[in-house]
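Residue numbering restarts at 1 for every chain, and letters A, B, ... go by the order of the sequence lines.
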Amino acid sequence: MRIQSPKGTRDILPSEIQTWQWVERVARSVFGTYGYQEIRTPIFESTDLFVRGVGDTTDIVEKEMYTFNDRGNRSVSLRPEGTASVVRAILQNRLLDGASVLKVYYIGQMFRYDRPQAGRYREFWQIGVEAFGADPPAIDAEIIAVGHQFFSTLGIKDLILHLNSIGDPACRPKYVEDLKAYAKAHLDELCGKCYARHERNPMRILDCKENGCRAVVANAPLLSNYLCAACRENFDMVKSYLDRLEIDYHEDPYIVRGLDYYSRTAFEFTAGGLGAQNAIGGGGRYDYLAQEIGGARTPGIGFALGMDRIIIALDAQHVTVPTSPPVDVYLTVLGDAAMPIALQLAQDLRENGVKTDLEYKGRGLRAQMRTANKLNARYVVMIGEDEISNEAATVRDMGSGDQQSVAFQQLAEMLREKVDS
RNA sequence: GUGGAUGUAGCUCAGUCGGUAGAGCGCUUGACUGUGGAUCAAGUGGUCGUGGGUUCAAAUCCCAUCAUCCACCCCA
């Protein structure tokens with residue numbers, strides 16, 4: 001049996017890499033204009049970081065982490081998300097000392113042991129953005145604006161921003177208590193899953209898709225009616241800033257983040273063309289995460305974007321991705337005597353920055369031309385007996401079909417100019 | 001973790017009632033001594049996912065298993 005990639009993982013092939021590189025390029029460029037810098041953190045961390053940071057009652061920590069003991073018997077986990085690592089790195093390296101707000105982004109793989117599905121993999125890619133060390137609502141608006149600009153630069157269609165405030169420790173406990181009481185009064189109408197979790201994590205009932213639960217939720221108490229004055233004012237400010245930046249949003253009282261560390265602003269971006277997994281980004285404020293992992297209480301806000309889903313959406317929506325052909329010039333080689341000369345000429349071209357490939361296998365010229373055509377080469381340089389005796393290559397413009405003889409000495413310079421123009 | 005669908009050539013797929021494997025695309029060569037995209041022809045290409053079972057005979061029927069896809073769930 002031939003070995004295959006593990007379940008839920010896949011290879012990103014040369015034929016699709018230009019799309020991935022473009023998405024990364026746009027991300028770096030957009031985030032850069034907002035003053036964010038890249039940070040790279042380990043792909044595995046102490047299991048404890050996620051247990052305390054993400055929360056030990058979350059599905060992610062309870063049943064989706066790749067956790068194992070290393071040879072020194074330390075429990076480590078492949079990262080299921082990026083925020084906890086970033087906050088850990090900022091605290092550990094004291095990056096906030098002397099800084100007002102620390103703005104970073106990351107790009108990398110995350111790992112969750114989930115059942116694979118359309119747009120869901122066990123190894124998946126996230127781009128994340130974090131603003132750490134400040135809680136004025138202008139930061140919330142800016143973070144959302146970063147994501148919004150990223151998606152619109154890519155040209156993603158049917159983008160919807162769902163927005164909510166999920167309160168803070170001053171107001172949420174009272175709400176959770178009332179919600180729990182309400183759920184208890186309607187237990188017989190809830191699905192088995194919600195029945196089981198109404199005590200531990202009642203807010204999950206809010207985004208359950210079962211019909212019975214939806215009916216119950218329709219009349220459930222709303223968190224928006226419980227927000228304390230500070231949270232309410234904060235939420236109003238965020239919305240007014242978004243209005244000013246002309247970013248549309250749908251207030252969605254049922255947005256509940258799946259990670260414990262969120263408070264106040266919570267949001268999610270959805271896009272068309274994705275099937276059931278249509279969330280392409282989500283995030284929120286996490287003012288209590290730093291203290292959970294042993295730091296001083298430090299506010300922060302951020303979001304993560306699902307690269308895999310973004311790329312599926314780009315494809316489904318037929319968004320044009322800028323691409324460049326893999327080579328500018330293809331050298332055809334006819335006869336054994338031509339090989340050393342062709343190799344030398346290819347070297348000259350490459351040293352001049354011209355993307356060059358050549359024939360290695362001594363096939364007929366027709367086959368070589370077909371390869372050049374398939375590679376989308378702009379020029380073909382032919383080397384055979386005639387060229388060797390004249391010390392001049394035949395250069396064919398593949399667009400026009402025009403051919404000319406160019407002395408070996410001048411070939412690299414001539415093609416460099418043509419390719420640059 | 002639960003359910004449904006699907007695994008046949010590099011890719012997309014056909015294969016009837018069980019009788020020993022096919023097409024298109026690709027690739028190679030030629031028509032066109034050294035010239036691409038179009039056309040035509042020939043050639044290349046297969047542990048029929050894997051392991052059992054039934055049968056004179058299995059891609060086809062049965063069982064198990066693995067993988068993929070989709071949905072639940074969860075989330076990015």
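Atom name C1', nucleotides B/rG51 and B/rA59: the rounded distance is 16 Å, in whole Å. Separation of the C1' atoms belonging to B/rA5 and B/rG22 is 25 Å when rounded to the nearest angstrom. Taking atom C1' on both B/rA58 and B/rC17, the two are 14 Å apart, rounded to the nearest angstrom. Across the C1' atoms, B/rU6 and B/rU60 are found 16 Å apart, a figure rounded to whole Å. On the C1' atoms, B/rA9 is 10 Å away from B/rC48, given to the nearest whole Å. Across B/rC13 and B/rC72, the matching C1' atoms stand 30 Å from one another, rounded to whole Å. When the C1' atom is compared between B/rG15 and B/rA21, the two are found 8 Å apart, to the nearest whole Å. Straight-line distance between the C1' atoms of B/rC69 and B/rC63: roughly 24 Å, to the nearest whole Å.
Within 4.0 Å (heavy atoms only), A/Gly384 reaches at least one base atom of the nucleic acid. Here A/Glu385 lies in heavy-atom contact (under 4.0 Å) with a base. Nucleic acid contact for A/Gly147: none, since no nucleic acid atom lies under 4.0 Å from a heavy atom of the residue. Within 4.0 Å (heavy atoms only), A/Tyr113 reaches no atom of the nucleic acid at all. Base contact: A/Leu365 has a heavy atom under 4.0 Å from a base atom. Residue A/Ala372 is out of contact with every strand shown, counting any heavy-atom pair closer than 4.0 Å. Note on A/Glu81: nothing from the nucleic acid sits closer than 4.0 angstrom, heavy atoms only. The residue A/Gln277 sits close to a base: some heavy atom pair falls under 4.0 Å. Nucleic acid contact class of A/Ala377 (heavy atoms, under 4.0 Å, all strands): none. Within 4.0 Å of A/Gly364, counting heavy atoms only, lie sugar-phosphate atoms of the nucleic acid but no base atom. Nucleic acid contact class of A/Gln109 (heavy atoms, under 4.0 Å, all strands): none.
Using cut-offs of 30° and 60° on the angle between ring planes, the pair A/Phe269 and A/Phe303 is perpendicular.
Rounded to whole Å, the distance from CE on A/Met110 to P on B/rA76 is 11 Å. Here B/rA76 presents its P atom at 9 Å from OH of A/Tyr106, a figure rounded to the nearest Å. One can place CZ of A/Arg120 at 15 Å from C1' of B/rU68, the figure rounded to the nearest angstrom. Atom pair A/Phe124:CZ and B/rC75:C1' shows a separation of 8 Å (rounding to whole Å applied). If you measure from atom CG of A/Leu334 to atom C1' of B/rU33, you get 11 Å, rounded to the nearest angstrom. Taking atom CG of A/Leu305 as the reference point, atom P of B/rC75 lies 17 Å away to the nearest angstrom. Rounded to an integer number of Å, the gap from CD of A/Glu62 to C1' of B/rC74 is 12 Å.
For A/Arg309 against B/rC75, a side-chain-to-base donor-acceptor contact under 3.5 Å is present. Under 3.5 Å, the side chain of A/Gln368 and the base of B/rU35 form no donor-acceptor pair of N or O atoms.
Between A/Tyr105 and A/Tyr36, a ring centre-to-centre spacing not shorter than 6.0 Å is recorded.
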Evaluate side chain to side chain donor-acceptor pair (under 3.5 Å) for A/Asp308 paired with A/Tyr121, printing each intermediate quantity in order. CA-CA 9 Å; A/Asp308 312 79; A/Tyr121 307 96; 5.8 Å; no

Could you check A/Tyr330 against A/Gln368 for side chain to side chain donor-acceptor pair (under 3.5 Å), going step by step and ending with a plain yes or no? CA-CA 9 Å; A/Tyr330 192 83; A/Gln368 300 189 37; 5.5 Å; no

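Neither OP1 nor OP2 of B/rU29 sits under 4.0 Å from any side-chain N or O of A/Arg363. For B/rG36, neither phosphate oxygen OP1 nor OP2 lies less than 4.0 angstrom from any side-chain nitrogen or oxygen of A/Arg396. One finds a side-chain N or O of A/Lys7 lying less than 4.0 angstrom from the OP1 or OP2 phosphate oxygen of B/rU68. Put simply, A/Gln117 has a side-chain N or O that comes within less than 4.0 Å of OP1 or OP2 on B/rA71.
Distances were taken from every side-chain heavy atom of A/Asp308 (C-beta onward) to each of B/rU35, B/rA71, B/rA76; the shortest belongs to B/rA76. Of the listed nucleotides (B/rA71, B/rG34, B/rG36), B/rG36 has the atom at the smallest distance from the side chain of A/Asn373. Side chain of A/Asp59, nearest nucleotide from B/rG34, B/rC74, B/rC75: B/rC74. Each of B/rC74, B/rU39, B/rU29 was ranked by its minimum atom distance to the side chain of A/Arg366; first place goes to B/rU39. Out of B/rC72, B/rG34, B/rC69, the shortest distance to the side chain of A/Met382 is found at B/rG34. Distances were taken from every side-chain heavy atom of A/Arg115 (C-beta onward) to each of B/rG36, B/rG1, B/rA76; the shortest belongs to B/rG1. When each of B/rA76, B/rG34, B/rG37 is scored by its nearest atom to the side-chain atoms of A/Asp386, the top-ranked nucleotide is B/rG34.
Salt-bridge formation is not detected for the pair A/Asp243/A/Lys239: no Lys NZ or Arg NE/NH1/NH2 atom is positioned less than 4.0 Å from an Asp or Glu carboxylate oxygen. One finds no salt bridge joining A/Asp135 and A/Arg285 here, because no Lys/Arg side-chain nitrogen approaches an Asp/Glu carboxylate oxygen to under 4.0 Å. A salt bridge links A/Lys103 and A/Glu142; the closest N-O separation between the charged side-chain nitrogens and carboxylate oxygens is under 4.0 Å.
In this structure, B/rG24 forms a base pair with B/rC11, meeting either the Watson-Crick or the G-U wobble geometry with both donor-acceptor distances under 3.5 Å. Pair check for B/rU54 finds none; no Watson-Crick or G-U wobble contact set falls under 3.5 Å. Pair assignment for B/rC74 gives none, since no Watson-Crick or G-U wobble pairing has each distance under 3.5 Å. As the counterpart of B/rG30, B/rC40 is assigned, both hydrogen-bonding distances of the Watson-Crick or G-U wobble pattern falling under 3.5 Å. In this structure, B/rG45 forms no base pair with any nucleotide, since neither Watson-Crick nor G-U wobble geometry is met with both distances under 3.5 Å. Base-pair partner of B/rU16: not found among the strands shown (Watson-Crick or G-U wobble, both distances under 3.5 Å). With a 3.5 Å ceiling on both atom-pair distances, the Watson-Crick or G-U wobble partner of B/rU6 is B/rA67.
In this structure, the side chains of A/Ile293 and A/Tyr261 stay at 4.5 Å or more apart for every pair of heavy atoms. For the pair A/Asn219 and A/Tyr182, the minimum side-chain heavy-atom distance is below 4.5 Å.
For A/Ala276 and A/Glu387, each mapped to the nucleotide of RNA chain B holding its nearest heavy atom, the one lying further toward the 5' end belongs to A/Glu387. Between A/Ala367 and A/Ser400, the residue anchored closer to the 5' end of RNA chain B is A/Ala367, taking for each the nucleotide with the nearest heavy atom.
Within residues 125-133 of chain A, the residues having any heavy atom closer than 4.0 Å to RNA chain B are, in order of number, A/Gln126.
No hydrogens or angles considered: nothing links the side chains of A/Thr371 and A/Glu359 as a donor-acceptor pair under 3.5 Å.
No donor-acceptor pair under 3.5 Å is formed between the side chain of A/Arg309 and the backbone N or O of A/Ile280.
At least one cation-pi condition fails for A/Arg264 and A/Phe235: the charged atom is not both under 6.0 angstrom from the six-membered ring centre and inside a 45 degree cone around its axis.
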